[in-house]
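Order of listing sets the numbers, starting from 1, for every ligand and every atom in it. As a basis for the values below, the full set of heavy atoms in this structure was taken, side chains included, without hydrogen atoms, waters or symmetry mates.
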Amino acid sequence: MSLVLDFQRKRGILFVVSGPSGVGKDTVLDRSLQNMEGIIKSVSATTRPPRDTERSGIDYFFYTQERFETEIADAAFLEYENYGSHFYGTPLAPVEQSLAEGTDVVLKIEVKGALNVKQLLPATRLIFIQPPAFSVLEERLIGRGKDTPEKIQQRLEIAKGELDARREYHYLITNDNLETAVNTLCAIIIAERHRIQPESS
Ligand code: 5GP
């Protein structure tokens with residue numbers, strides 16, 4: 001009798017990372033992925049204009065409103081949302097292709113999109129990055145010097161709503177120390193790779 005030992009999942013795992021503006025989620029995510037094989041970050045499409053350092057196809061695909069609407073009509077997005085008066089969406093085909101090839105994929109998206117993905121694909125693992133205290137967000141947003149006081153207030157209001165949605169996530173990371181936060185995110189990804197899955201998933 002031959003015993004089949006290799007019953008672990010072949011399909012990639014879909015991860016979602018969210019967190020309020022100013023929490024440092026880009027840094028935590030980018031540093032974590034630098035240390036890991038077999039995982040990529042999805043590149044979203046947006047109608048927001050590029051910031052100075054942003055490159056098309058790397059940070060985002062920058063679409064016109066018309067192009068974005070065409071892609072919606074063609075069902076080309078896994079999910080999309082309107083955030084701060086611009087559209088953001090996850091292109092479906094590259095995510096599906098990577099998962100089918102066994103590569104894990106991370107979506108760095110806001111909470112409404114995250115909860116849509118959770119409903120659509122229940123095997124998705126959701127990770128929320130929070131600040132050690134709400135006041136830290138305010139200090140970081142002011143310190144970045146990128147936004148007007150009104151814009152900062154607006155981002156803080158959105159942040160309150162986002163923090164309320166934490167309970168819908170599977171994992172919570174507090175970013176009070178960058179190295180610890182990076183190690184924790186890597187540990188979550190590694191643990192998920194070792195989870196025994198029911199045959200159907
Ligand atoms: P920013 O304009 O600062 O790059 O992004 C604003 C917010 O949109 C962030 O919370 C970011 O994670 C989120 N976001 C980026 N891409 C997507 C996406 O494809 N879908 C959704 N739902 N949110 C996204």
**Student:** Ignoring angles and geometry beyond distance, decide whether G89 reaches within less than 3.5 Å of ligand 1 through its nitrogen or oxygen atoms.
**Tutor:**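 By distance alone, the answer is yes.
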
**Student:** Does an N or O from E162, backbone or side chain, lie closer than 3.5 Å to an N or O of ligand 1?
**Tutor:**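 No, since none of the N or O atoms of E162 sits under 3.5 Å from an N or O of ligand 1.
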
**Student:** Residues in salt bridge (charged side-chain N to carboxylate O under 4.0 Å, His left out) with E66, at least two apart?
**Tutor:**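 Once residues adjacent in sequence are excluded, E66 has no partner under the salt bridge (charged side-chain N to carboxylate O under 4.0 Å, His left out) criterion.
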
**Student:** With sequence neighbours left out, what residues match E138 under salt bridge (charged side-chain N to carboxylate O under 4.0 Å, His left out)?
**Tutor:**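 Salt bridge (charged side-chain N to carboxylate O under 4.0 Å, His left out) list for E138, sorted by chain: empty.
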
**Student:** What atoms of ligand 1 come within less than 4.0 Å of a heavy atom belonging to G113?
**Tutor:**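 Under 4.0 Å from G113, ligand 1 has these atoms: 22 (N).
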
**Student:** Considering only non-hydrogen protein atoms, determine which one is nearest to atom 19 (O) of ligand 1 and report residue, atom name and distance to 0.1 Å.
**Tutor:**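 The protein heavy atom lying closest is S44 OG, 2.7 Å.
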
**Student:** Can you list the atoms of ligand 1 that are under 4.0 Å from a heavy atom of T90?
**Tutor:**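 Here the atoms of ligand 1 in question are 19 (O).
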
**Student:** Considering only heavy atoms of Y83, which atoms of ligand 1 have at least one such atom less than 4.0 Å away?
**Tutor:**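 Within the 4.0 Å cut-off of Y83, ligand 1 contributes 6 (C), 7 (C).
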
**Student:** Numbering the atoms of ligand 1 from 1, which are under 4.0 Å from a heavy atom of E81?
**Tutor:**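 Going through ligand 1 atom by atom, the ones under 4.0 Å from E81 are 22 (N).
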
**Student:** Would Y80 count as being in polar contact with ligand 1, using the rule that some N or O on each side must be under 3.5 angstrom apart?
**Tutor:**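 No, there is no polar N/O contact under 3.5 Å.
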
**Student:** Minimum heavy-atom separation for L92 to L78, with atom names?
**Tutor:**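 Heavy atoms of L92 and L78 come nearest at CB-N, 3.7 Å.
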
**Student:** If we set the cut-off at 4.0 Å for heavy atoms, which region of Y88 has an atom near ligand 1: side chain, backbone, both, or neither?
**Tutor:**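 Contact part for Y88 vs ligand 1: both backbone and side chain.
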
**Student:** Pick out which of L185, D30, I127, I129 makes a side-chain contact (heavy atoms from CB on, under 4.5 Å) with K25.
**Tutor:**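 So, applying the side-chain contact (heavy atoms from CB on, under 4.5 Å) to K25 and each of L185, D30, I127, I129, only I129 qualifies.
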
**Student:** Looking at every heavy atom in both L178 and R31, which two are closest together, and how far apart are they?
**Tutor:**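 Heavy-atom minimum between the residues: CD2-NH1, 2.9 Å.
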
**Student:** If you measure every N/O of E54 against every N/O of ligand 1, is any gap under 3.5 Å?
**Tutor:**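 The answer is no, given that E54 and ligand 1 share no N or O pair closer than 3.5 Å.
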
**Student:** Could you tell me the residue and atom name of the protein heavy atom closest to atom 10 (O) of ligand 1, and the distance to it rounded to 0.1 Å?
**Tutor:**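 The protein heavy atom lying closest is E110 CB, 3.7 Å.
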
**Student:** Counting non-hydrogen protein atoms only, what is the nearest one to atom 20 (N) of ligand 1? Give residue, atom name and distance.
**Tutor:**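 The protein heavy atom lying closest is E79 OE2, 2.7 Å.
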
**Student:** Could you tell me whether D59 and R51 have a side-chain N and a carboxylate O separated by less than 4.0 Å?
**Tutor:**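 Salt bridge absent between D59 and R51.
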
**Student:** What part of R51, side chain, backbone, both or neither, has a heavy atom within less than 4.0 angstrom of ligand 1?
**Tutor:**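 Answer for R51: side chain.
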
**Student:** Can you list the atoms of ligand 1 that are under 4.0 Å from a heavy atom of R48?
**Tutor:**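 Atoms satisfying the 4.0 Å criterion: 1 (P), 2 (O), 4 (O).
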
**Student:** Return yes when Y60 approaches ligand 1 closer than 4.0 angstrom through a heavy atom, no otherwise.
**Tutor:**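 It does; at least one heavy atom falls under 4.0 Å.
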
**Student:** Would you say the side-chain atoms of E157 and Q153 include a donor-acceptor pair closer than 3.5 Å?
**Tutor:**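 The answer is no; no qualifying pair exists.
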
**Student:** Is it the case that the side chains of E150 and Q154 hold a donor-acceptor pair, with the cut-off being a distance below 3.5 Å and no angle test?
**Tutor:**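 Checked: Q154/E150 side chains show no N/O donor-acceptor pair below 3.5 Å.
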
**Student:** Please confirm whether R166 makes a cation-pi placement over Y169, using NZ or CZ under 6.0 Å from the six-membered ring centre and within 45° of the ring normal.
**Tutor:**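 No, R166 and Y169 do not form such a contact.
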
**Student:** Where the closest heavy atom to atom 12 (O) of ligand 1 is concerned, which of H86, K108, K112 has it?
**Tutor:**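 Answer by nearest heavy atom: K108.
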
**Student:** Does E96 come within less than 4.0 Å of R11, counting only side-chain N to carboxylate O?
**Tutor:**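 So E96 pairs with R11 through a salt bridge.
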
